[in-house]
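Some notes on the structure that comes next.
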Protein chains: 2
Amino acid sequence: MLSQKARYALRAMLHLAAKPKDEPQQTADIADAAGVPRKFLEQILLDLKRRGLVYSVRGRNGGYQLGRDPKDIEFAEIIRIIDGPLALSPCASRTAYRRCDDCTDEATCAIRKALIDVRNATAKILERHSLSDALADRRKMKPAA
Amino acid sequence: MLSQKARYALRAMLHLAAKPKDEPQQTADIADAAGVPRKFLEQILLDLKRRGLVYSVRGRNGGYQLGRDPKDIEFAEIIRIIDGPLALSPCASRTAYRRCDDCTDEATCAIRKALIDVRNATAKILERHSLSDALADRRKMKPAA
DNA sequence: TAAATCTCTATTGATTTGATAGAGATTATG
DNA sequence: CATAATCTCTATCAAATCAATAGAGATTTA
């Protein structure tokens, strides 16, 4: 399961993706639109900012914009920043590989093998799914009435 | 990420799968072989027993056996029992669907759509991966020397 | 009857999660 | 320049979850 925080992050990013690129959106507005507690959202946006996914403008009329084109921001990246690796076990992670403390023989671990398959399938989907894909999906699902 | 408990459960089940079907294995032995704290393992096995994955024999010389043929016990089932649904969000789960509390429009939720794709891919792998598959993998990886 | 085992429930300490708070730093504007 | 509006940073907190331990009970064999 994703954390609530990661779901908030995805919603906030999707909101930003739907806005004109260079009109900073304020945390209060994003929080309202995405249904996220404002102070909690601020922490989330700071994390995303530190990794370059959003760009911030300080001071009056400041706010947040996407740091890159929506087509270059993948679900996978957002989730990894907030929740950590996609894999079901550290030993099956590519971005944050770590040997299991209590693993006796990784080479023959049949559990690990299955978990790597899952991690690859998950990454394949989430690394190919960008914010612009999501916007397109949304338009498709709810045709302009 | 799977919980430690789920990893323990997979290891314990794999250990049982490698043993003759009708020789009850004792928790102390399984715990030792699978590297799981004994009392913690007992809880895990009880959960698995309640769902029919293992069968127990009480009293002296008692112990645990698989409740079904290893080929009919899937990783997915073990993980679901211990950790709950495979999906990344309740709204993307098939076995434990629940609407997101704060979801405004599920029909057009582009996040949900991606998460459903992930859940389907994950389930496809883990529902087709049985304990006997895992034993076969292990033999393949470590040919009888 | 005693020993070996599974069964059940409670408890505990550590960590994580989700959220709130408030004091800075920065900028636009009147 | 003063002020209001904003992002920035760190601390704190309560509740939930996780990982593990404990121990009394029930069951079976020898």
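First the proteins, then the strands, lettered A, B, ... as listed; each starts at 1. Note that the structure is predicted; figures quoted are calculated from it, not measured.
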Q: Kindly indicate, with the supporting measurements, whether the criterion salt bridge (charged side-chain N to carboxylate O under 4.0 Å, His left out) is fulfilled by D102(A) and R7(B).
A: CA-CA 10 Å; D102(A) 51 4; R7(B) 271 189 295 270; 5.9 Å; no
**Q.** Audit row: Q43(B), L46(B), side chain to side chain contact (heavy atoms under 4.5 Å, CB included) steps and yes/no
**A.** CA-CA 5 Å; Q43(B) 292 179 45; L46(B) 269 183; 5.7 Å; no
Q: Step by step, work out the side chain to side chain contact (heavy atoms under 4.5 Å, CB included) result for R139(B) and L135(B).
A: CA-CA 6 Å; R139(B) 276 191 293 272; L135(B) 289 181; 4.0 Å; yes
Q) Are R80(B) and E77(B) close enough, and set up right, to give a salt bridge (charged side-chain N to carboxylate O under 4.0 Å, His left out), and what steps lead you there? A) CA-CA 5 Å; R80(B) 287 200 183 102; E77(B) 195 171 0; over 6 Å; no
Q: Step by step, work out the side chain to side chain contact (heavy atoms under 4.5 Å, CB included) result for R112(B) and I116(B).
A: CA-CA 6 Å; R112(B) 177 165 185 255; I116(B) 286 177; 3.8 Å; yes
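With sequence neighbours excluded, no residue forms a side chain to side chain donor-acceptor pair (under 3.5 Å) with Y64(B). Residues passing the ring-ring contact (aromatic ring centres under 6.0 Å, His included) test with F40(A) are Y8(A), sequence neighbours excluded. K21(A) meets the side chain to side chain donor-acceptor pair (under 3.5 Å) test with no other residue; sequence neighbours excluded.
An end-to-end axis angle of 0° holds for the helix from dT1(C)-dA30(D) to dG30(C)-dC1(D), taken from five base pairs per end and rounded to 10°.
The hydrophobic cluster containing L53(B) also contains I30(B), counting ILVMFWY residues as joined when their side-chain heavy atoms lie under 4.5 angstrom apart, directly or transitively. No continuous path of ILVMFWY side-chain contacts below 4.5 Å connects M1(A) to I125(B), so the two sit in separate hydrophobic clusters.
How far CG of L48(A) is from CG of L66(A): 10.0 Å, rounded to the nearest 0.5 Å. Here L14(B) contributes atom CG and C109(A) contributes atom SG; the two are 8.0 Å apart, rounded to the nearest 0.5 Å.
You can see that DNA chain D meets the heavy atoms of chain B within a 4.0 Å-exclusive cut from dA19(D) to dA30(D), reading 5' to 3'.
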Using the 3.5 Å cut-off, write out each protein N or O paired with an N or O of nucleotides 28-30 of chain C and the distance between them.
unit_1: dA28(C); atom_1: O3'; unit_2: N61(A); atom_2: ND2; d: 3.1
unit_1: dT29(C); atom_1: O4'; unit_2: R60(A); atom_2: NH1; d: 3.4

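Residue V57(B) is found in a hydrophobic cluster whose other members, listed by chain and number, are Y55(B); membership requires side-chain heavy atoms under 4.5 Å apart, directly or through intermediates.
Of the residues in residues 76-99 of chain B, none has a non-hydrogen atom less than 4.0 angstrom from any atom of DNA chain C. A heavy atom lying under 4.0 Å from DNA chain D marks the following residues of residues 5-21 of chain B, by number: K5(B), Y8(B). Proximity of residues 25-32 of chain B to DNA chain C (heavy atom under 4.0 angstrom from any strand atom) is restricted to Q25(B), Q26(B), T27(B).
In terms of modelled atom types and a separation under 3.5 Å, the side chain of D32(B) and the main chain of D29(B) share no donor-acceptor contact. Within the 3.5 Å criterion, the main-chain N or O of E23(A) finds a donor-acceptor partner in the side chain of Q25(A). R138(B) places no side-chain N or O within donor-acceptor distance of the main-chain N or O of A110(A), the cut-off being under 3.5 Å. For D117(B) (side chain) and A114(B) (main-chain N/O), no donor-acceptor pair under 3.5 Å exists by modelled atom type. Using a distance-only test at 3.5 Å, with no hydrogens or angles considered, a donor-acceptor pair links the side chain of R11(B) to the main chain of A34(B).
Taking atom CD of Q4(B) as the reference point, atom P of dT16(C) lies 13 Å away to the nearest angstrom. Atom NZ in K49(A) sits about 15 Å away from atom P in dA25(C), given to the nearest Å.
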Q. Can you give one letter per nucleotide of nucleotides 9-14 of chain C, 5' to 3': B if a protein heavy atom sits under 4.0 Å from the base, S if only from the sugar-phosphate, - if neither?
A. -B----
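Shortest non-hydrogen contact noted between I81(A) and R51(A) is CD1-CB, 3.4 Å.
Listed by first and then second residue, the side chain to side chain donor-acceptor pair (under 3.5 Å) pairs that reach into residues 83-93 of chain A are S3(A)-D83(A), sequence neighbours excluded.
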